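What follows is a short report on a single structure.
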Amino acid sequence: MAKMNLLQAVNNALDLAMANDKRVVCFGEDIGKFGGVFRATSNLQDKYGRARCFNTPLTEQGIAGFAIGMAAQGHVPVAEMQFADYIFPAFDQIVNEAAKFRYRSGNQFNVAGLTIRTPYGGGIAGGLYHSQSPEAYFTQTPGLKVVVPSTPYQAKGLLLAAIRDPNPVIFFEPKRLYRAAVGEVPEDDFELPLGVAEVVKEGSDITLLAWGAQMEHLQAAAGMAEAEGISCEVIDLRTLLPWDVETVAKSVKKTGRLLITHEAPITGGFAGEIAATIQDHCFLYLESPIARVCGLDTPFPLVHEKEYMPDQYKIFEAIKNSIHY
Amino acid sequence: MAKMNLLQAVNNALDLAMANDKRVVCFGEDIGKFGGVFRATSNLQDKYGRARCFNTPLTEQGIAGFAIGMAAQGHVPVAEMQFADYIFPAFDQIVNEAAKFRYRSGNQFNVAGLTIRTPYGGGIAGGLYHSQSPEAYFTQTPGLKVVVPSTPYQAKGLLLAAIRDPNPVIFFEPKRLYRAAVGEVPEDDFELPLGVAEVVKEGSDITLLAWGAQMEHLQAAAGMAEAEGISCEVIDLRTLLPWDVETVAKSVKKTGRLLITHEAPITGGFAGEIAATIQDHCFLYLESPIARVCGLDTPFPLVHEKEYMPDQYKIFEAIKNSIHY
Amino acid sequence: MSDKITHELRLMSGFEMPISTLSLLKADGSLHKGAKAPKLSKETALRIYDTMLFIRVLDERMVGAQRQGRLSFYMTCTGEEAAVIGSAAAFEDKDMIMGQYREHGALRYRGFTTQQFMHQMLSNSKDLGKGRQMPIHYGSNELNYMTISSPLATQIPQAAGYAYAQKLEGNNACTLVYFGEGAASEGDFHAGMNMAAVLKCPTVFFCRNNGYAISTPSEEQYAGDGIAARGVGYGMKTIRVDGNDVLAVYAACVEARKIAVENHEPVLVEAMSYRLGAHSTSDDPSGYRSREEEDKWRAVDPVLRMKNWMIAKKWWTEAEEKTAMENYRKEVLDTLKATEKVPAPALGELITDVYDKPDANLENQLASLREHIAKYPEKYPKTAASVNGEEH
Amino acid sequence: MSDKITHELRLMSGFEMPISTLSLLKADGSLHKGAKAPKLSKETALRIYDTMLFIRVLDERMVGAQRQGRLSFYMTCTGEEAAVIGSAAAFEDKDMIMGQYREHGALRYRGFTTQQFMHQMLSNSKDLGKGRQMPIHYGSNELNYMTISSPLATQIPQAAGYAYAQKLEGNNACTLVYFGEGAASEGDFHAGMNMAAVLKCPTVFFCRNNGYAISTPSEEQYAGDGIAARGVGYGMKTIRVDGNDVLAVYAACVEARKIAVENHEPVLVEAMSYRLGAHSTSDDPSGYRSREEEDKWRAVDPVLRMKNWMIAKKWWTEAEEKTAMENYRKEVLDTLKATEKVPAPALGELITDVYDKPDANLENQLASLREHIAKYPEKYPKTAASVNGEEH
Ligand SMILES: Cc1ncc(C[n+]2csc(CCOP(=O)(O)OP(=O)(O)O)c2C)c(N)n1
Ligand SMILES: Cc1ncc(C[n+]2csc(CCOP(=O)(O)OP(=O)(O)O)c2C)c(N)n1
Ligand SMILES: [Mg+2]
Ligand SMILES: [Mg+2]
């Protein structure tokens, strides 16, 4: 075990992936010599050469298309989108191409090796275009896997699993935690399974669900609630597509209550999908409406970032509302 | 009143909009001399000249960006995306630019005049790339309005309202109904309000909700259910963003049951958002889980189109399940 | 950037010299004065020409079949056979081909059988694509021919990436990617061309400039000197050829492949041609172009031009032509007829290949669907039988 | 397309003649032999130079303020002042300017006040953008300067559309759009340039080629003859200028604007320059480029070059320079200090301008938020006061 922050965990996972499989190739804007604007790819060019770790021209649609082509050939591209806010020019390549590659060809071709990494989320004074959490834009797309780690440990284990998973994976990294989250991470190669949620803490009164950076707020709120005698079961979803309905439903059948939180705007966010599914699976068990504590239905505002964010106080209030419904 | 099919209603709305406001300009791939691959813009170039109705080069991101620029200047662009399946290259311009234009500038600038029209949906043997219903990709985006008509009457009234609405509007046209849906449409200029759902038929046992082409299946299913003595309240949502929570919630409080249907894959589709919101608003009134009858979580398959579609039989079965829960 | 400095203000308004077009073969099948024919064996020439004839027949018969309602959709290659087949012939089997959709000639050249064409177009259980895409969206892993995807130009940056991976692999293979002059307006074109140039990908970009994108003529598509001028702008070796001249196309592509594979760098080939038929069976060109224009191009038919050359070389006769055409007509129609009896893919294929394996969610959706179909078998005639016991 | 035919196979591998760079002014402020200075009044020259000095001061002081934590973020124009301000000066106030982000010199030239700059950078209630975007995302309707948007290159097709609308309006105005050589790799660049050329939009595309996109040098950005070569490919009148030569920039832009407005067609100007500072305050260039390289470019400083010219013309003196710099330093720091006291925008602004009016959903969200903040005022210091009665 070693102490790593989330960024180091990502860098370490990439390093191991490249060391163990020469088909693994990393590229994106500024990721070469410079090591990326967040330094997630530091030293990789020195270690593995320019052919396997390189800067691309500034074109997200090109990066995604290029990565798809490499993956179709049998290589294992790990492409970086500099910010999740800038993934949209690549949207067509991701949802129309990568996601449908295997299906449309009757499995003649696939992009098994494809992974797209991108830092997402607010809390860094980034305003409209350095704060978005666009995961729900991708969860409507069969064929993709969508993964969001919340700790350095998860970042390493899930990223290694994502790179090796035989399906295209969008890997959202919580950039607010890049340096802020520090934890013990095994130095060896290891994987955490995709599609499996983690029950972080058991409890009996309410199930609290989140992923990525939002886990921090969720756990703080759970702490506040526990202090008032509310027993919280805390779940980290980890993979959003395909998501672990079973673990969540099982928990809600036990607690009778569910709260979901994400940073993205509430309307159309992934909490809606979860709520819709769980009210169906757990209808007779629910003691109060499934609560969603999410971003407002506005673009991400710089100056009112604090007010916009679904923070621990908002979550705590919603927990109490749910309990006292 | 005149008998028109949905295509004629669209063409008629464009014609009136161009006649009444010389700032209205139509463009897109093949929409000029040829009148569009579906002929929605027939005769408009002859009538209003090449400067106001023209072919563009083949670039959806360019079309959207160009339209945004025109709208920012104060013109009223009505841009066509040839198929909704091909709207994704324009995704960044739509969700990062058009949707956020007014907000990010503090209302210094806006794209009030912008409307993007695009034919969507299956049932025409189009396979993966001529069948998609991508509305939910846009309903996560504050700042946009998303409108889907289901009849020639609505097509005209809503399109005229969309063109004149002081916000960017994505207008999805149900292409399966272009020629199949025929109805009485006022010849004069008229508008139907955006953001307001239509209660198509009152009933007391269950609320059935859809939009666009799916209304046809929904009404057929309602007919089957009524024949078995189930009284259905049928609602056409018409505008998906911002959507009419009040009308739907009021109905569900009365009937105690809700079924939502759309063609897009169930996971991440807009039915999830509606279900999540309504279970919150109507928790104590619900007598059975909110049902979603939607497309499967696969790309749109050509040969199994019939099996994939949420047709009247699937809806009918789901109505019975809900009633007998 | 050059170090060329000027002190006189002058805007460039085009090339100092417009890009010229390589042309070797005259319409009568003889060589232009000064033109040098590429090395082309009789065997290869016959294979190219045979493929041309097959494609002519296939296109003609399938358009007919579509009119009869036996097929939902079709697109022809008519007028562009020399560009498509002449280019494909210059590559090796190990090279990947990524098409736009109008390049079934290249696929045929590689050995796709008449039967395979029919399976795809009829979306049956033997279609390699499992019936999921519209007719003409062929693909074959065995033949290194990437499955066609409808969204335009997406294959262009993919071809750069594919070729880059081939370069890493070190097996002296390259990628040949086709696209229309219309698709070249997409952002993906720019992204792919520029990346290939900067990252030195062994990709041959082959633009079929056939004058139209559906109804949009090339004057409404671009204002510059075609697509070739852009290649030069990307710093890419570029050549423009007469797309109706099979020798010019072949010669340019042999050279392009050589540069791509030996220098590890991309090459752009722009073939000037004309789409003689409608855009697709859903289109009617009389709404946007004249008969006269079409006739002008019909007079420089690429197949006829090659035939004249072949006959002049005594590699081909009118009698052989007649037999070949008759045989292909019969083969195509017989195969179509027989293939109409092949059943649709099993219902289970609805959920395979979304992921490497269906997840629990998809398995549940399929199970519900099976139950539903069992209740309403008459509403789902394609799959009811397979649900009722014939399938597990 | 040209009718030029060749029978000899030859690939083009670059321009027959590389694109030359217009240069008028030498580093010492004298004109090159044979160079003709553009008509530039003393008044305009002084306004350009004054703007340069202000921007130098603003950049220097704001980088400092950012280091002190008084500002979250900043980007400088250092090294590119001649390109940005020299170009803006060639346009009329009615022309729309769409920037990328490094063109605050153009905004200043139009009259944006020091106070307005500060309001924006401090995200306060007087910021025209209502504090929603990061520092340096200026915009002013009054000054026809479109609000900056972070996603790169999106403004390029928008500028084509804006200009097309100006043409329809018939008011002899055009759109000037700035972008970097990095942004020119985006698909939107291709889309916008090609559309402007085909649809004859009065847009002047101004590429600031400053050698880097964050850490990526231009050799890893493109392989061709810069961005100018692409303009020629789109059939667009194109000129490359020495971006550190204010006279060359100004002269080229006067001509470009004339062509755009009179002929209704786009023009591309590529200004060759260098980003002397870091990409932004979040960047440290020592990780990817050498001091020597920077020094080479510092030696051809555009502001100094203009100063030398102004002094030679007796339009400017060292004494005036000293006073101007001192005044601006004081003005900038005083204004910064005073502006730090201006309160944040009211909470209600969180939901305005999403639509023309907030809908019921947004009103409800705001109402809940107010209630929440009233319960936890200490957690939301920026807005708690406004919730507790100071605001309705
Ligand atoms: C992204 C996208 N936009 C639009 C279409 C619809 N479409 C199909 S073919 C076509 C024209 C293509 O023209 P070109 O590239 O010149 O090829 P050609 O048909 O002439 O061979 C269009 C607009 C599409 N398939 N994909
Ligand atoms: C679509 C998009 N991708 C990535 C970024 C992140 N980014 C901001 S500036 C920049 C470099 C831009 O370089 P260039 O266009 O040359 O302008 P310069 O900074 O040199 O003035 C990058 C990659 C962005 N803002 N938008
Ligand atoms: Mg074409
Ligand atoms: Mg730059």
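None of these values were measured; they are calculated from a predicted model. The sequence lines fix the lettering, A, B, ..., with proteins before strands; numbering per chain opens at 1.
- Interface residue C:Asp284: only backbone heavy atoms are found under 4.5 Å from chain B.
- If you take CD on B:Glu307 and OH on C:Tyr380, they are separated by 7.5 Å, rounding to the nearest 0.5 Å.
- Proximity to chain C is limited to the side chain of B:Gln61, based on heavy atoms less than 4.5 angstrom apart.
- Closest approach of B:Tyr86 and C:Ser150 over heavy atoms only: OH-CB, 3.2 Å.
- Residue contact with chain B, scored on non-hydrogen atoms closer than 4.5 Å, involves the backbone of C:Ala183 exclusively.
- Within the model, atoms NE2 of B:His130 and CD of C:Gln133 stand 10.0 Å from one another, a figure rounded to the nearest 0.5 Å.
- Contact of C:Leu362 with chain B is made through the side chain alone, with heavy-atom distances under 4.5 Å.
- When all heavy atoms of C:Gly187 and B:Thr59 are compared, the pair lying nearest together is N-OG1, 4.4 Å.
- Residue C:Lys126 places its NZ atom among 12 or fewer non-hydrogen atoms of other residues, nucleotides or ligands, all under 6.0 Å distant.
- Contact annotation for B:Ser131: neither backbone nor side-chain heavy atoms come within less than 4.5 Å of a heavy atom of chain C.
- When heavy atoms are compared at a cutoff of 4.5 Å, C:Lys375 approaches chain B solely by way of its side chain, counted from C-beta outward.
- Across all non-hydrogen atoms, the minimal contact from B:Thr298 to C:Leu350 is CG2-O, 3.4 Å.
- Interface residue B:Asp297: backbone and side-chain heavy atoms are both found under 4.5 Å from chain C.
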Side chain to side chain contact (heavy atoms under 4.5 Å, CB included) between B:Val37 and C:His279, worked out: CA-CA 11 Å; B:Val37 293; C:His279 170 70; over 6 Å; no
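- In terms of non-hydrogen atom pairs under 4.5 Å with chain B, the most contact-rich of C:Ile351, C:Leu369, C:Asp127, C:Asp359 is C:Leu369.
- Contacts between B:Phe316 and chain C at a heavy-atom distance below 4.5 Å involve the side chain alone, from C-beta outward.
- Within a 6.0 Å sphere centred on CZ of C:Arg70, other residues, nucleotides and ligands contribute more than 12 heavy atoms.
- Heavy-atom minimum distance, C:Ser123 versus B:Val303: O-CG2, 3.4 Å.
- In terms of heavy-atom pairs under 4.5 Å with chain C, the best-connected choice from B:Pro89, B:Gly126, B:Pro57 is B:Pro57.
- Judged by distance alone, with hydrogens and angles left aside, the side-chain atoms of B:His304 form a donor-acceptor pair with the main-chain N or O of C:Pro345 at under 3.5 Å.
- Put simply, the side chain of C:Gln221 gets close to the backbone of B:Leu58: a donor and an acceptor are under 3.5 Å apart.
- In this structure, CG in B:Leu302 is found 11.5 Å from CZ in C:Phe73, a value given to the nearest 0.5 Å.
- For C:Tyr376, the part lying under 4.5 angstrom from a heavy atom of chain B is the side chain only.
- Of the atoms belonging to B:Phe300, it is backbone heavy atoms, and not side-chain ones, that fall under 4.5 Å from chain C.
- C:Met134 and B:Gly127 make their closest contact through CG-N, 4.3 Å (heavy atoms, listed as atom of the first residue, atom of the second, distance).
- Nearest approach of B:Leu128 to C:Arg132, heavy atoms of both residues: CD1-O, 3.3 Å.
- When C:Pro381, C:Ser72, C:Gly287, C:Gly182 are compared by the number of non-hydrogen pairs under 4.5 Å with chain B, C:Gly182 comes out ahead.
- Two residues are said to be in side-chain contact when any heavy atoms from C-beta on lie closer than 4.5 Å; C:Thr154 and B:Phe88 fail this criterion.
- With contacts defined as side-chain heavy-atom distances shorter than 4.5 Å, the pair C:Ser215/B:Glu29 does not qualify.
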C:Lys379 vs B:Lys306, side chain to side chain contact (heavy atoms under 4.5 Å, CB included): CA-CA, chis, key distance, verdict: CA-CA 9 Å; C:Lys379 303 297 178 195; B:Lys306 255 196 154 43; 5.9 Å; no
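- Contact annotation for B:Gln82: only side-chain heavy atoms (C-beta onward) come within less than 4.5 Å of a heavy atom of chain C.
- Residue B:Tyr313 touches chain C through both its backbone and its side chain, counting heavy-atom pairs closer than 4.5 Å.
- Contacts between C:Ile214 and chain B at a heavy-atom distance below 4.5 Å involve backbone atoms as well as side-chain atoms.
- In this structure, no portion of B:Glu305 lies under 4.5 Å from any heavy atom of chain C.
- Here the side chains of B:Pro299 and C:Val354 are in contact, with some heavy-atom distance below 4.5 Å.
- There is no contact between B:Arg39 and chain C, counting heavy-atom distances below 4.5 Å.
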